[in-house]
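Keep in mind that this is a model prediction, so the values were computed, not measured. Letters A, B, ... are given to chains in the order of the sequence lines, protein chains preceding strands, and every chain is numbered from 1. What's counted below: heavy atoms across the whole structure, side chains too, no hydrogens, waters or symmetry copies.
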Number of protein chains: 2
Amino acid sequence: MHTPIGETLHRLLHAYKRAMRDGYTTAGIELTGAQIRMIKGIASDPDASAQAIAKRTRQDKGHIARLIKDLEGEDLITRRPHPSDSRYRQLKLTAAGHALATRIAEVEAEAGARMARHLPDPDIERFVELAEAMIANLESSENPL
Amino acid sequence: MHTPIGETLHRLLHAYKRAMRDGYTTAGIELTGAQIRMIKGIASDPDASAQAIAKRTRQDKGHIARLIKDLEGEDLITRRPHPSDSRYRQLKLTAAGHALATRIAEVEAEAGARMARHLPDPDIERFVELAEAMIANLESSENPL
DNA sequence: CCCAATTAGTTGACTAAATCAACCAACACG
DNA sequence: CGTGTTGGTTGATTTAGTCAACTAATTGGG
């Protein structure tokens with residue numbers, strides 16, 4: 001029997017999501033997973049636009065726009081016009097957003113540590129490398145033109 | 001900066017889901033991902049009950065029940081009372097269900113091969129092992145009692 | 001300069017996926 | 001018995017994600 005890698009992937013992502021959600025609720029963070037990923041995305045690329053994030057994460061731009069709207073409503077991010085190209089909106093974290101991003105990073109680090117428990121560091125690195133290689137494989141064959 | 005393993009996981013799962021969906025549509029399979037996973041689950045454990053599947057996949061039993069209802073409506077599975085315990089419903093694939101399971105396995109194998117392209121077999125195996133170990137880590141610390 | 005094509009963003013409508021909670025029927029077993 | 005447990009069903013709701021139509025701003029060619 002060949003490895004049911006899809007099933008494993010699915011279960012892993014769900015176990016991870018559950019662990020993260022637990023961590024978030026015990027840390028008193030009220031956002032959804034997608035919102036949290038947005039915060040992280042903006043935090044790690046401070047001049048990102050909605051489009052840039054949509055492309056980087058391969059997500060629908062409409063989906064992204066809605067997340068941004070919500071987060072702006074929570075005063076976690078601001079949306080300012082780009083100085084030279086007024087189509088763009090520069091996304092920035094507010095002070096509250098930054099504080100939240102820090103706490104998110106802590107929770108995530110803790111969950112990551114729990115997930116990686118008893119597993120040697122090199123294996124974890126290899127795991128991430130393989131995952132990235134797989135993503136590249138899948139995406140390169142998706143649009144073969 | 002430690003590896004953003006959660007983000008990688010998320011992107012990998014989505015890339016995989018997209019690849020699978022492409023494969024399914026070109027193969028003329030009309031089911032959703034969750035329904036397909038159900039078919040596979042029943043195929044690999046022919047005497048499974050809804051509860052058994054819910055437990056094995058850690059999914060909500062209500063969710064499972066709905067999927068089963070849909071699949072029964074498509075005449076892909078049957079739901080028969082258990083001979084000695086009439087609470088159970090024995091889930092079986094119909095002939096159409098079996099045929100579909102075979103085609104699903106083909107599509108999945110093809111997508112798996114695409115995903116694993118240029119990656120040595122031992123690495124893939126290691127990848128799955130690590131994923132399983134991570135799932136175990138996450139779930140054991142989820143309910144520490 | 002003007003028009004066409006492109007790009008960023010917004011919005012509406014929709015589907016899929018998953019969770020929570022309430023509920024019923026059948027069973028186990030003291 | 002009857003009390004608690006287990007398997008299953010259903011309703012309501014939330015989160016995620018997709019597709020399509022649309023506006024506004026920019027760019028580049030003639």
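In this model, a side-chain donor or acceptor of Arg66(A) finds a partner on the base of dG12(C) within 3.5 Å.
Taking only side-chain nitrogens and oxygens, Gln51(A) never comes nearer than 4.0 Å to OP1 or OP2 of dT7(C). Lys55(B) has no side-chain polar atom (N or O) that falls below the 4.0 Å cut-off from OP1 or OP2 of dT6(D). The shortest distance between the side-chain N/O atoms of His10(A) and the OP1/OP2 oxygens of dA18(C) is below 4.0 Å.
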Filtered N/O pairs between nucleotides 21-24 of chain D and protein, under 3.5 Å:
none

Check: protein-nucleotides 1-4 of chain C nitrogen or oxygen pairs below 3.5 Å:
none

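Here CD of Glu129(B) is found 9.5 Å from CD of Glu132(B). Values are rounded to the nearest 0.5 Å.
Taking 4.5 Å as the limit, some side-chain heavy atom of Arg79(B) sits within range of a side-chain heavy atom of Leu91(B). Side-chain contact between Thr94(B) and Ile77(B): absent, with no pair of heavy atoms (C-beta onward) separated by less than 4.5 Å. Within the 4.5 Å cutoff, no side-chain heavy atoms of Arg21(A) are placed close to those of Tyr16(A). Inter-residue side-chain proximity for Lys40(B) and Ile104(B) is flagged as met; some heavy-atom pair is nearer than 4.5 Å. Counting heavy atoms from C-beta on, the side chains of Met38(A) and Ile42(A) come closer than 4.5 Å.
Regarding Arg37(A), its CZ atom lies at a distance of 11 Å from the C1' atom of dG17(D), rounded to whole Å. Atom pair Met38(B):CE and dA16(C):C1' shows a separation of 16 Å (rounding to whole Å applied). Protein atom NE2 of His14(B) is 11 Å distant from nucleotide atom C1' of dA16(C), rounded to whole Å. When the C1' atom of dT15(D) is taken as reference, atom CD of Gln59(A) falls 12 Å away, rounded to whole Å. The separation between Arg80(B) atom CZ and dG7(D) atom C1' is 18 Å, rounded to whole Å. The separation between Leu67(A) atom CG and dT18(D) atom C1' is 13 Å, rounded to whole Å. The nearest whole Å value for the distance from the CZ atom in Arg21(A) to the C1' atom in dT14(D) is 11 Å. Remark: C1' of dT10(C) and CG of Asp60(A) are 12 Å apart, rounded to the nearest angstrom.
Sorted by first and then second residue, the side-chain hydrogen bond (donor to acceptor under 3.5 Å, both in side chains) pairs with a member in residues 57-71 of chain B read Arg58(B)-Glu139(B); sequence neighbours excluded.
Residues from residues 24-36 of chain B placing a heavy atom under 4.0 Å of any atom in DNA chain C, listed by number, are Thr32(B), Gly33(B), Ala34(B). The stretch residues 69-79 of chain B comes close to DNA chain D through Lys69(B), Arg79(B), each having a heavy atom under 4.0 Å from the strand.
For Ile124(B) against Ile5(A), the heavy-atom pair with the smallest separation is CG2-CD1, 4.5 Å.
Across all strands, Lys17(A) comes closer than 4.0 Å to no nucleic acid atom at all (heavy-atom distances). Asp85(A) comes within 4.0 angstrom of sugar-phosphate atoms only, judged by non-hydrogen atoms across all strands, and of no base.
The closest donor-acceptor contact from the side chain of Gln35(A) to the backbone of Thr32(A) lies under 3.5 Å.
Nearest to the side-chain atoms of Tyr88(A) among the listed nucleotides dG9(C), dG8(D), dA16(D) stands dG9(C). Closest contact between the side chain of Ser86(A) and the listed nucleotides dT26(D), dG17(D), dA8(C) involves dT26(D).
Inspection of the Ser49(A) and Gln90(A) side chains reveals no N or O donor paired with an N or O acceptor under 3.5 Å.
Under the side chain to side chain contact (heavy atoms under 4.5 Å, CB included) criterion, Ala133(B) pairs with Leu119(A), sequence neighbours left out.
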